[in-house]
Amino acid sequence: MATIQLDIVSPDKGEIFSKDVDMVIVRSTAGELGILPRHAKMLTELQPHAMRIKIGGTEQLIAIGGGFMDVTPEKITVLSHSAELPENIDVARAERAKQRAEERIAQYKQATKDSLIDISRANAALARAKARLLVKNALA
């Protein structure tokens, strides 16, 4: 079966993942996308989510904190604000981040017009925390 090279990099950690894979499933700002070998060229923005990677009949999840994906027929490059393999996720830290984000969202719903709560940042933080927990819990 044909494979495609997948490279995931982040500005602060460098290369996170680099392997030949069978398929990648991501959540872009335009919706969910499945990328197979020899896919048409494309560039898309990614939402925070649990990226699914299929390799030889198995599936692996990687927490992606948003970013961009560049696809050519031979290679997929993901440049992410943050990317974490399951073994690198600190569950307690992710739970605290999720709780803080949920509290900010609740405060925003109760706030007045001159509130300083940035709802888009709170929603993004919640999505990142949920992706980390989903990836980590998939191992359990």
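The first residue of the sequence shown is numbered 1, and numbering continues consecutively from there.
Under a hydrophobic clustering in which Ile, Leu, Val, Met, Phe, Trp and Tyr are joined whenever their side-chain heavy atoms come within less than 4.5 Å, directly or via other members, Ile64 and Phe17 fall into the same cluster. When hydrophobic clusters are built by joining Ile, Leu, Val, Met, Phe, Trp and Tyr residues whose side-chain heavy atoms come closer than 4.5 Å, directly or via intermediates, Ile25 is grouped together with Leu36. Hydrophobic clustering (side-chain heavy atoms under 4.5 Å, transitive across Ile, Leu, Val, Met, Phe, Trp, Tyr) keeps Ile35 apart from Phe68. Both Leu85 and Val78 sit in one connected hydrophobic cluster of ILVMFWY residues. Membership requires side-chain heavy atoms under 4.5 Å apart, directly or through other members. The same ILVMFWY cluster, assembled from side-chain heavy atoms under 4.5 Å apart, contains both Met69 and Ile53.
Nearest heavy atoms, Gly34 versus Met23: CA-CE, 3.9 Å. The two residues Ile4 and Pro73 make their nearest non-hydrogen contact at CD1-O, 3.7 Å. The minimum heavy-atom distance linking His81 with Asp12 is given by the pair O-OD1, 4.1 Å. Of all the heavy atoms in Val135 and Leu61, the pair that sits closest is CG1-O, 3.5 Å. The two residues Ala122 and Ala101 come nearest to each other via the heavy atoms O-CB, 3.6 Å. Summarising the geometry of Ser10 relative to Ser82, their closest heavy-atom pair is CB-CA, 4.4 Å, with the distance given to 0.1 Å.
If you run side-chain hydrogen bond (donor to acceptor under 3.5 Å, both in side chains) between Gln99 and each of Arg96, Glu103, Glu95, only Glu103 comes through.
Between Arg132 and Lys98, every side-chain heavy-atom pair lies at or beyond the 4.5 Å cut-off. For the pair Val21 and Lys54, the minimum side-chain heavy-atom distance is 4.5 Å or more.
Rounded to the nearest 0.5 angstrom, His39 NE2 and Leu33 CG are separated by 7.0 Å. Note that the NZ atom of Lys19 and the CG atom of Leu6 stand 10.0 Å from one another [nearest 0.5 Å]. Interatomic distance, Lys130 NZ to His49 NE2, rounded to the nearest 0.5 Å: 15.5 Å. Once rounded to the nearest 0.5 Å, the distance linking CG of Asp7 with CG of Leu79 reads 11.5 Å. Rounding to the nearest 0.5 Å places NZ of Lys75 at 11.0 Å from CG of Asp20. Remark: Ser80 OG to Ile8 CD1 distance equals 8.0 Å, nearest 0.5 Å.
Side-chain N or O atoms of Asn137 include one that pairs as donor or acceptor with a backbone N or O of Leu133 at under 3.5 Å. A donor-acceptor pair under 3.5 Å is absent between the side-chain atoms of Asp70 and the main chain of Leu43, judged by distance alone.
Every pair passing salt bridge (Lys or Arg N to Asp or Glu O under 4.0 Å) that includes a residue from residues 24-52 is listed here, sequence neighbours excluded: Arg52-Glu59.
Atom CD of Glu102 is surrounded by more than 12 heavy atoms from other residues, nucleotides or ligands within 6.0 Å.
Remark: the Gln5 side chain and the Thr77 side chain contain no N/O donor-acceptor pair separated by less than 3.5 Å.
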